[in-house]
Amino acid sequence: MRAASETPTEPALPSPELLAERLLPWFDANNRTELPWRRPGTTAWGVLVSEVMSQQTQVARVAPVWEAWMERWPTPADLAAAPTADVLREWGRMGYPRRALRLQECARAIAEDHGGTVPADPAELEKLPGIGNYTAAAVAVFHYGGRHAVVDTNVRRVVARLGGRADAGTATTRADLAATASLLPEDAPTAARVSLALMELGALVCTARKTECAACPLSDACGFSGQEVPAGPSRKRQRYKGTNRHVRGEVMALLRDADGPVERARIDAVWHDARMVNEAVAQLIEDGLIGTDEAGRFELPSR
DNA sequence: CATACGTGGTT
DNA sequence: TAACCAAGTAT
């Protein structure tokens, strides 16, 4: 008799041995080796940059920016020394430009506090600006080959489905981390490959809107195999059109594309609601994404 | 735990 | 056409 406090029975997750046995051959055949940061010789810094750029931006959009970026600023010291306006322009239209600011701060911290070497310890990585639980683990695992759970949206979804659920919850939980960790084999280099393969499976086969169980190496070990993904949003989505973020985006686009400092009147012209422009401009200044010159005109920050 | 934070590809 | 959602982080 199970205690009342126990959760209902769910399909058990596969053993690490079975998972690796199924997943690794699949990964060897399906690994997207064309992703530029997967080229042999990519530095830890290059991997870190690719991970930050890929936070909420599709990898296909990231790849060309990453190429140009690493050509221009190959090391943390290079990015640390760059004018921030150049950094924001190179970031282009990838979205969430605060990430670019954090990445430059990260470069400065690594250059100044870590002798230019990207840390290998997730706890140390997570202290850096813009580096959270996922990115810290990703660098520690994908570059350094460590044995840590790498839990992004793909992995959370795959692990949830292995356990018989259609999808994971809204945020990464302790349970997600523990469940993913329980799937890792003891050997660190093998665990690192399993981590990347799990993510790749979620990106290519076990996707948000549909499952491709026929192409999945884990289908016979999966609690969700053969089931349809329920229609409708898996979680609450934020609107974009007409929001403050939208106005911020318009202002940033104007300043990125401008040759020099921009008059306030041109800023005001990006949006019909003057109050929203005021709010957006004030926030962007506060965030350090834009600045003003001695004449009160607006521009991307020089430093 | 919920929400703010950009932009565009895919369905 | 819209809706959905993308290698998340900070608050």
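Below, chains carry the letters A, B, ... as their sequence lines are ordered, and counting in each starts from 1. All values below were derived from every heavy atom in this structure, side-chain atoms included, with hydrogens, water molecules and symmetry-related copies excluded.
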Under 3.5 Å, is there a donor-acceptor pair linking the side chains of [X] and [Y]?
X: A/Gln283; Y: A/Asn244; value: yes
X: A/Gln104; Y: A/Thr84; value: yes
X: A/Arg157; Y: A/Ser234; value: no
X: A/Gln55; Y: A/Glu51; value: no

Just to be sure I understand the geometry, which residues of residues 50-74 of chain A put a non-hydrogen atom under 4.0 Å away from DNA chain B? A/Gln56, A/Thr57, A/Gln58, A/Arg61

Considering only heavy atoms, which members of residues 238-258 of chain A lie under 4.0 Å from some atom of DNA chain B? A/Gln238, A/Tyr240, A/Asn244, A/Arg245, A/Arg248, A/Gly249, A/Arg256

[X] near the nucleic acid: base, sugar-phosphate alone, or nothing, with a heavy-atom cut-off under 4.0 Å?
X: A/Leu196; answer: nothing
X: A/Asp287; answer: nothing
X: A/Thr172; answer: nothing

Contact under 4.0 Å: [X] side-chain N or O vs [N] OP1/OP2:
X: A/Arg102; N: C/dT9; value: no
X: A/Arg237; N: C/dC5; value: yes
X: A/Arg157; N: C/dA6; value: yes

Indicate yes or no for a side-chain donor-acceptor contact from A/Arg165 to the backbone of A/Phe224 under 3.5 Å, with no hydrogens or angles considered.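 It does not hold such a pair.
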
Answer yes or no: side-chain N or O of A/Arg38 and base N or O of C/dA7 forming a donor-acceptor pair under 3.5 Å.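 Looking at the base of C/dA7, it does pair with a donor or acceptor on the side chain of A/Arg38 (distance under 3.5 Å).
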
Taking atom C1' in both B/dC5 and C/dC5, compute the distance separating them and give it to the nearest angstrom.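 Between the two C1' atoms, the distance is 15 Å.
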
